[in-house]
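The structure under discussion appears below in the form of structure tokens.
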Amino acid sequence: MVEFDVKKIELKWQKEWEKQKVFEIDVAKGKKKYSIVEMYPYPSGSGLHMGHAFNYTLGDILARYKTMQGYQVLHPMGFDSFGLPAENAAIKAKSHPALFTNAAIENFIRQQKALGLSYDWRRMVQSHDPAYYRWNQYLFLQLYKKGLIYRKHSPVNWCPDCETVLANEQVHQGMCWRHTATSIVIKNLEQWFIKTTQYADELLSGVEALDWPERIKIMQRNWIGKSEGSEVQFMIGNKSWPVFTTRIDTLFGVTFLVVSAQHAKLMDLVTPAQNKEVFAFLKTLKGTSEKTDFTLEKEGVFTGSYAQHPITGAQIPIWAGNFVVADYGSGMVMGVPAHDARDFAFAQKYRIPITHVVKPAHGTSSSTQAYLAEGILCDSGSFTGLTSADARKQITAFLQKKKLARFVTNYKLRDWLVSRQRYWGTPIPMVYCADCGIVPISENDLPVLLPEKVTFGEGNPLATNKAFVETKCPDCGKKARRETDTMDTFFDSSWYYLRYCDAQNTKKPFDGKQVDYWLHVDFYTGGAEHACMHLIYARFFTKALRDMKLLSFDEPFLKLFNQGMVHGEDGVVMSKSRGNTVDPLTMTQEYGADALRFFLVSMAGPDKDFVWSSTGLESIAGFISKVYARSTELRFGKSSPLVQHKVHKAILSVTEAIEQMKYNQATIILRETLSVFEGDVAKEDFALYVQLLAPFCPHLAEELWSRLGNKKLIATSPWPVADTSKITPAFDIAEQAVEKTVSDIMNVLRLVKEKTGDEGEQVYVYTLPKELAQYDAGALTKRVGKPVTVCAVNDPKKHDPQGKASKAKPGKPALFVE
RNA sequence: GCGAGGGUAGCAAAGCGGUCAAAUGCGAAAGACUCAAAAUCUUUUGGCUUAGUGCCUUCGGAGGUUCGAAUCCUCUCCCUCGCACCA
């Protein structure tokens with residue numbers, strides 16, 4: 001085995017790429033482009049983890065492949081460098097988040113470069129850089145002007161660990177997305193919101209055409225949660241309360257109303273007589289979390305009030321209940337126990353009458369449970385006999401004339417709460433003036449720099465810096481107070497991919513022409529955890545900016561790819577807390593970047609989870625050295641047609657595998673194809689093989705390419721195109737015949753040994769004359785471990801004491817062992 | 001509960017109507033090389049059988065479609081991940 005210095009070679013080519021600026025790609029009119037973006041990472045102090053390495057390798061293989069195919073490839077990297085971890089680390093260490101962040105980024109870049117990733121570093125984006133976040137502020141102001149940002153007082157999610165409010169998307173099952181053991185507390189606060197709901201319908205309908213994993217699309221649809229129904233007005237006293245329902249066909253079955261126990265106007269409905277009881281009930285409610293446990297028993301208390309049924313005029317008791325969501329619809333629902341499981345349970349518990357108003361078209365419904373399906377209306381006045389679907393239209397239309405109902409579409413999606421009570425983020429460019437109210441900073445005065453000195457632990461950190469807070473009103477010039485909240489870091493990540501197109505622009509966030517050339521992103525990779533956060537926000541931004549005429553397309557990411565998770569050797573997803581992580585940098589140093597890259601994509605399909613295997617990586621490292629060794633052993637001459645056949649077949653298969661994101665299949669072909677290069681082969685054919693290797697093992701490929709005498713880099717060499725005239729199926733058939741013969745020989749040897757105890761000294765293979773060339777005695781000898789003689793059946797000089805040669809058939813030579 | 005994705009030989013993972021007892025890798029066993037080991041190379045790795053053949057049982061389980069199924073359909077069990085009282 002020829003030893004070669006992996007580290008030295010890798011470093012050498014990394015430097016060469018940098019020197020020749022091969023990955024610094026600019027707009028080239030008329031040339032096709034391809035944009036590959038991997039979700040930019042939060043630069044954590046612990047550096048790159050294996051999941052990053054995997055993700056970036058996937059993108060890099062594609063980027064290098066597309067580059068070789070002649071595309072202008074946009075392949076940038078950036079850092080989501082604002083955020084809580086750095087701030088918290090700084091507080092703990094009595095230091096500054098910027099120090100942590102800059103060190104972490106430096107570390108990330110070093111590791112990324114060590115992996116041989118083909119980034120255009122000129123395009124790097126760092127969200128904590130004023131050169132970037134000033135455009136956050138700029139875009140914030142644009143959205144504000146468009147009426148897409150507003151401030152309102154409402155119940156909001158507050159995480160006691162983060163010490164800030166959170167967006168709905170950041171609350172998972174009532175817990176903070178960062179602190180999975182911390183329950184969210186609902187607080188009534190005034191906050192900044194982005195009107196994502198304005199695009200709810202387009203965000204939903206746009207999902208359809210996206211080339212995204214189905215599950216992500218489903219998650220987005222669920223999150224947006226479109227629901228079509230009717231809003232019915234119930235008179236309560238002299239006031240009218242809207243109630244949303246998708247089943248207005250069951251209106252005649254309403255026997256009670258339930259208002260959310262968390263509803264702000266609950267007490268308006270409570271009569272003095274019921275006051276005590278309601279308060280007692282509210283006390284029993286655990287916490288005030290909006291999202292409660294599904295299994296929680298439905299409980300309620302009578303408020304003392306009654307509503308008037310909009311059609312029958314009947315008096316309907318109003319209850320307060322723990323199972324009604326306060327801020328969906330109007331926070332009040334109609335109780336139709338006969339046709340809703342929850343209402344049924346509630347009515348049974350509190351002995352509320354149950355009135356059946358829908359029956360199945362055929363047969364009868366049970367009285368011991370709610371009949372949930374649609375059917376034919378009964379006991380519903382003039383609507384009796386209608387189907388549920390017809391009744392919904394007619395009842396709504398009937399009430400609409402009296403202004404008591406209308407068709408309504410509701411969404412689960414809420415406006416995005418975007419302000420945060422933390423330091424390490426983009427300052428919101430707003431000023432509060434006693435006279436003028438809320439006043440935006442002038443665009444000319446951007447950026448509003450994040451002040452360096454603040455005191456932590458006393459509420460909003462920015463509020464502790466007097467010089468920052470005290471300012472003048474941009475309108476009237478009088479003393480005014482700056483907003484001390486910062487932006488959710490998801491604001492930063494909502495448009496960073498746009499900035500990649502024109503990262504150094506100091507005049508505007510990005511140039512339209514640049515963006516038009518590069519985007520949309522053709523291939524976006526990242527984890528599935530962003531399905532209902534970043535990926536919703538980014539889509540919203542694209543649509544909002546399009547309507548501001550800053551963009552000319554509707555969707556940022558046409559194709560989304562979710563890479564699998566890397567599991568530790570114990571089978572559990574790699575995590576620091578589990579202690580089963582493997583450090584990419586260490587692996588790179590030990591086995592080389594090429595080996596790590598090749599290994600990462602060889603284990604399974606890129607979208608599948610896979611388990612780390614140290615023996616697997618070692619074996620890949622062995623393969624890498626073998627390729628190198630082989631290259632030094634080759635005598636270049638002329639390739640046999642068989643070699644050409646195999647090389648060109650490999651070109652076809654590897655190309656197809658890459659196109660289909662089946663990198664694991666590509667690695668198998670690459671490993672198998674190496675054995676083709678033995679003895680006398682054409683330099684050009686080996687060169688083709690090295691090119692196929694290039695996206696996966698760029699350093700090794702570059703080294704071999706240059707040793708083959710190429711002056712230019714393999715990275716920019718044209719991707720091989722298979723010459724199908726050199727692919728001859730007969731070779732495959734012949735090869736199968738040889739395989740079969742090998743196994744036949746082994747079989748016979750075994751049998752001979754069993755029967756006679758004889759090991760077998762010499763193997764004779766008798767082929768049909770025209771097949772003689774297919775069987776190479778040397779190769780067979782090596783395969784079976786015994787001397788093999790091959791001759792044609794019509795060879796007069798053949799040694800054939802038992803006359804076995806006559807058994808030879810096409811594709812199946814005769815054998816004799818002695 | 002709803003939804004999505006899975007269940008393939010010791011492990012991992014391809015295959016997704018015939019060319020499938022099922023690629024490839026790891027692991028294991030044997031042989032070559034070596035004083036020996038490592039590395040490397042070769043072979044074997046469901047079962048039974050046979051001078052190179054043939055048969056049987058397999059791709060979570062049970063049925064079905066088909067001349068033919070790991071591959072298609074139905075039902076069922078298990079796993080993983082999302083969503084979860086949205087009226």
Side-chain angles (χ1 to χ4, degrees), chain A residues 1 172-174 213-219 221-223 225-227 229 243-248 250 258 260 290-298 321-336 339-343 345-346 410-413 528-529 531-532 565 567 571 573 599 602-605 607-620 622-623 625-626 629 662 664-665 667-669 671-672 675 732-733 736 740-752 754-756 759-760 781-786 802 804 807 812-817:
Chain A
M1 177 66 52
H172 296 162
Q173 277 144 36
E214 197 52 36
R215 64 189 181 119
I216 304 292
K217 290 166 76 165
I218 289 166
M219 283 162 78
R221 286 194 198 105
N222 289 344
W223 187 257
K226 183 175 182 171
S227 162
V243 171
F244 178 74
T245 178
T246 54
R247 289 299 302 275
I248 200 171
T250 64
V258 190
S260 168
E290 177 193 344
K291 311 273 182 192
T292 44
D293 192 347
F294 178 73
T295 55
L296 191 76
E297 172 134 24
K298 285 153 196 47
N322 64 347
F323 63 98
V324 177
V325 179
D327 61 346
Y328 181 76
S330 62
M332 187 187 283
V333 301
M334 40 185 241
V336 187
H339 305 292
D340 182 279
R342 295 157 300 186
D343 297 347
F346 194 80
N410 253 330
Y411 295 92
K412 283 205 281 187
L413 182 76
E529 67 274 15
C532 294
M565 306 257 264
H567 296 236
V573 176
F599 167 75
S602 72
M603 288 303 283
D607 57 332
K608 297 262 174 42
D609 289 8
F610 70 92
V611 178
W612 182 263
S613 157
S614 48
T615 51
L617 177 59
E618 275 171 37
S619 135
I620 299 291
F623 166 70
S625 349
K626 206 159 83 180
K662 293 181 177 176
N664 53 329
Q665 293 300 305
T667 63
I668 289 170
I669 297 155
R671 292 183 75 158
E672 286 175 344
S675 63
D732 293 327
I733 295 163
Q736 277 168 28
K740 183 75 180 144
T741 302
V742 168
S743 96
D744 283 348
I745 294 171
M746 298 310 293
N747 212 352
V748 173
L749 284 170
R750 203 192 81 238
L751 290 165
V752 167
E754 273 174 20
K755 285 249 163 102
T756 65
E759 289 282 348
T781 300
K782 194 176 168 193
R783 293 286 297 275
V784 306
K786 299 275 181 232
Q802 294 187 11
K804 296 279 187 195
K807 285 193 170 183
K812 191 171 171 62
L815 304 178
F816 174 61
V817 173

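Side chains are part of it too, since the values below use all heavy atoms of this structure and drop only hydrogens, waters and symmetry mates. Letters A, B, ... are given to chains in the order of the sequence lines, protein chains preceding strands, and every chain is numbered from 1. What you see is a predicted model; the values in this text were computed from it and never measured.
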Subject >> Sequence-distant partners of A:Lys226, salt bridge (Lys or Arg N to Asp or Glu O under 4.0 Å), two or more places apart >> reply: A:Asp201, A:Glu228

**OP:** For B:A13, give its Watson-Crick or G-U wobble partner with both distances under 3.5 Å, or none.
**Re:** none

Original post:
What is the nucleic acid contact for A:Val611, judged by heavy atoms within less than 4.0 Å: base, sugar-phosphate only, or nothing?
Top reply: nothing

Original post:
What's the spacing between A:Leu749 CG and A:Asp744 CG if we round to 0.5 Å?
Top reply: 11.0 Å

Subject >> Nearest-neighbour nucleotide for the A:Lys807 side chain, B:U24, B:C86, B:A51 considered >> reply: B:A51

**OP:** Please name all residues satisfying side chain to side chain donor-acceptor pair (under 3.5 Å) with A:Asn664, sequence neighbours left out, ordered by chain then number.
**Re:** none

Subject >> Short side-chain N/O contact from A:Lys626 to OP1 or OP2 of B:C41, under 4.0 Å >> reply: yes

Original post:
What is the distance from NZ of A:Lys786 to C1' of B:A32, rounded to the nearest Å?
Top reply: 10 Å

Subject >> Nucleotide nearest A:Ala604 when distance is taken to its side chain, options B:A14, B:C83, B:A51 >> reply: B:A14

Subject >> Protein-nucleotide distance (A:Arg215, atom CZ; B:C81, atom P), rounded to Å >> reply: 11 Å

**OP:** Name all residues meeting the side chain to side chain contact (heavy atoms under 4.5 Å, CB included) criterion together with A:Val336; count only those two or more places apart in sequence or in a different chain, and write none if there are none.
**Re:** A:Thr250, A:Val254, A:Met334, A:His339, A:Asp343

Original post:
Among the nucleotides B:C41, B:A87, B:A51, which one has an atom lying closest to any side-chain atom of A:Lys782?
Top reply: B:C41

**OP:** Hey, could you give me the CD/CD1 distance between A:Glu529 and A:Ile216, rounded to the nearest 0.5 Å?
**Re:** 9.0 Å

**OP:** Using a 4.0 Å heavy-atom cut-off across all strands, classify A:Lys412 as base, sugar-phosphate, or nothing.
**Re:** base

Original post:
In whole angstrom, what separates A:Glu618's CD from B:A38's P?
Top reply: 14 Å

Original post:
What integer number of Å spans the C1' atoms of B:G5 and B:U49?
Top reply: 42 Å

Subject >> Nucleotide nearest A:Gln665 when distance is taken to its side chain, options B:G52, B:A23, B:C85 >> reply: B:A23

Original post:
For A:Val324, which contact category applies under a 4.0 Å heavy-atom criterion: base, sugar-phosphate, or nothing?
Top reply: base

Original post:
Contact class for A:Gly229 (heavy atom, under 4.0 Å): base, sugar-phosphate, or nothing?
Top reply: nothing

Original post:
When you compare B:C26 with B:U42, how far apart are their P atoms, in angstrom units rounded to a whole number?
Top reply: 12 Å

Subject >> Sequence-distant partners of A:Thr246, side chain to side chain contact (heavy atoms under 4.5 Å, CB included), two or more places apart >> reply: A:Ser227, A:Phe244

Original post:
A:Thr246 has a side chain; which of B:A84, B:A87, B:A14 sits nearest to it?
Top reply: B:A87

**OP:** Could you please name the option among B:G52, B:A51, B:C86 that lies closest to any side-chain atom of A:Asp744?
**Re:** B:G52

Original post:
Which base sits across from B:U66 as a Watson-Crick or G-U pair, both distances under 3.5 Å?
Top reply: none

Original post:
Taking only residues two or more places apart in sequence, or in another chain, which ones meet A:Asp732 in a salt bridge (Lys or Arg N to Asp or Glu O under 4.0 Å)?
Top reply: A:Lys649

Short heteroatom pairs, N/O only, protein and nucleotides 16-22 of chain B, under 3.5 Å:
none

Original post:
Which is true for A:Val817 with a 4.0 Å heavy-atom rule: it touches a base, it touches only sugar-phosphate, or it touches nothing?
Top reply: base

Original post:
Just how far, in rounded Å, is P of B:A23 from CD of A:Glu672?
Top reply: 11 Å

Original post:
With a non-hydrogen cut-off below 4.0 angstrom, is A:Ile218 in contact with a base, only sugar-phosphate, or nothing?
Top reply: sugar-phosphate

Original post:
How close or far is atom P of B:C83 from atom CG of A:Leu413, stated in whole angstroms?
Top reply: 15 Å

**OP:** Take A:Phe244 and A:Pro813, find for each the nucleotide of RNA chain B with the closest heavy atom, and name the residue whose nucleotide sits nearer the 5' end.
**Re:** A:Pro813

Original post:
Who are the side chain to side chain contact (heavy atoms under 4.5 Å, CB included) partners of A:Asp607, not counting sequence neighbours?
Top reply: A:Phe561

Original post:
If you find the nucleotide of RNA chain B closest to A:Asp607 and the one closest to A:Met332, which residue's nucleotide is nearer the 5' end?
Top reply: A:Asp607

**OP:** Determine which nucleotide pairs with B:A87, using a 3.5 Å limit on both distances of a Watson-Crick or G-U wobble pair.
**Re:** none

**OP:** Go through the structure and list residues passing salt bridge (Lys or Arg N to Asp or Glu O under 4.0 Å) with A:Arg783, not counting sequence neighbours.
**Re:** A:Glu739

Original post:
For B:U58, which nucleotide is its Watson-Crick or G-U wobble mate, given both distances must be under 3.5 Å?
Top reply: none

Original post:
For atom C1', what is the distance between B:A32 and B:G25, given to the nearest Å?
Top reply: 23 Å

Atom pairs, protein N/O to nucleotides 44-50 of chain B N/O, distance under 3.5 Å:
| from | atom 1 | to | atom 2 | distance (Å) |
| --- | --- | --- | --- | --- |
| B:U50 | O4 | A:Asn747 | OD1 | 3.4 |
| B:U50 | O4 | A:Arg750 | NH2 | 2.5 |

Original post:
Quick one: which of B:G52, B:C83, B:C85 gets closest to the side chain of A:Lys298?
Top reply: B:C85

**OP:** Would you mind classifying the nucleic acid contact of A:Ala814 as base, sugar-phosphate or nothing, using non-hydrogen atoms under 4.0 angstrom?
**Re:** base

Subject >> Base-pairing mate for B:G5 - Watson-Crick or G-U, with both contacts under 3.5 Å >> reply: B:C79

Subject >> Under 4.0 angstrom between A:Lys740 side-chain N/O and B:U53 OP1 or OP2 >> reply: yes

With the criterion being N/O to N/O and under 3.5 Å, what pairs connect the protein with nucleotides 25-28 of chain B, and how long is each?
| from | atom 1 | to | atom 2 | distance (Å) |
| --- | --- | --- | --- | --- |
| B:G25 | O3' | A:Ser619 | OG | 3.4 |
| B:C26 | OP1 | A:Ser619 | OG | 3.0 |
| B:C26 | O2' | A:Thr615 | OG1 | 3.0 |

**OP:** Quick one: list whatever passes side chain to side chain contact (heavy atoms under 4.5 Å, CB included) with A:Ser613, sequence neighbours left out.
**Re:** A:Glu569, A:Phe599, A:Met603, A:Thr615

**OP:** Compare side-chain N and O positions of A:Tyr328 against OP1 and OP2 of B:A87 and report whether any pair is under 4.0 Å apart.
**Re:** yes

Subject >> Which residues share a ring pair (Phe, Tyr, Trp, His ring centres under 6.0 Å) with A:Phe346, sequence neighbours left out >> reply: A:Phe256, A:Trp319, A:Phe323, A:Tyr350

**OP:** May I ask which nucleotide in the shown strands pairs with B:A32, Watson-Crick or G-U wobble, both distances under 3.5 Å?
**Re:** B:U40

Subject >> Interatomic distance at P, B:G63 relative to B:A38, whole Å >> reply: 49 Å

Subject >> Gap between atoms CZ and P, on A:Phe623 and B:U24 respectively (whole Å) >> reply: 15 Å

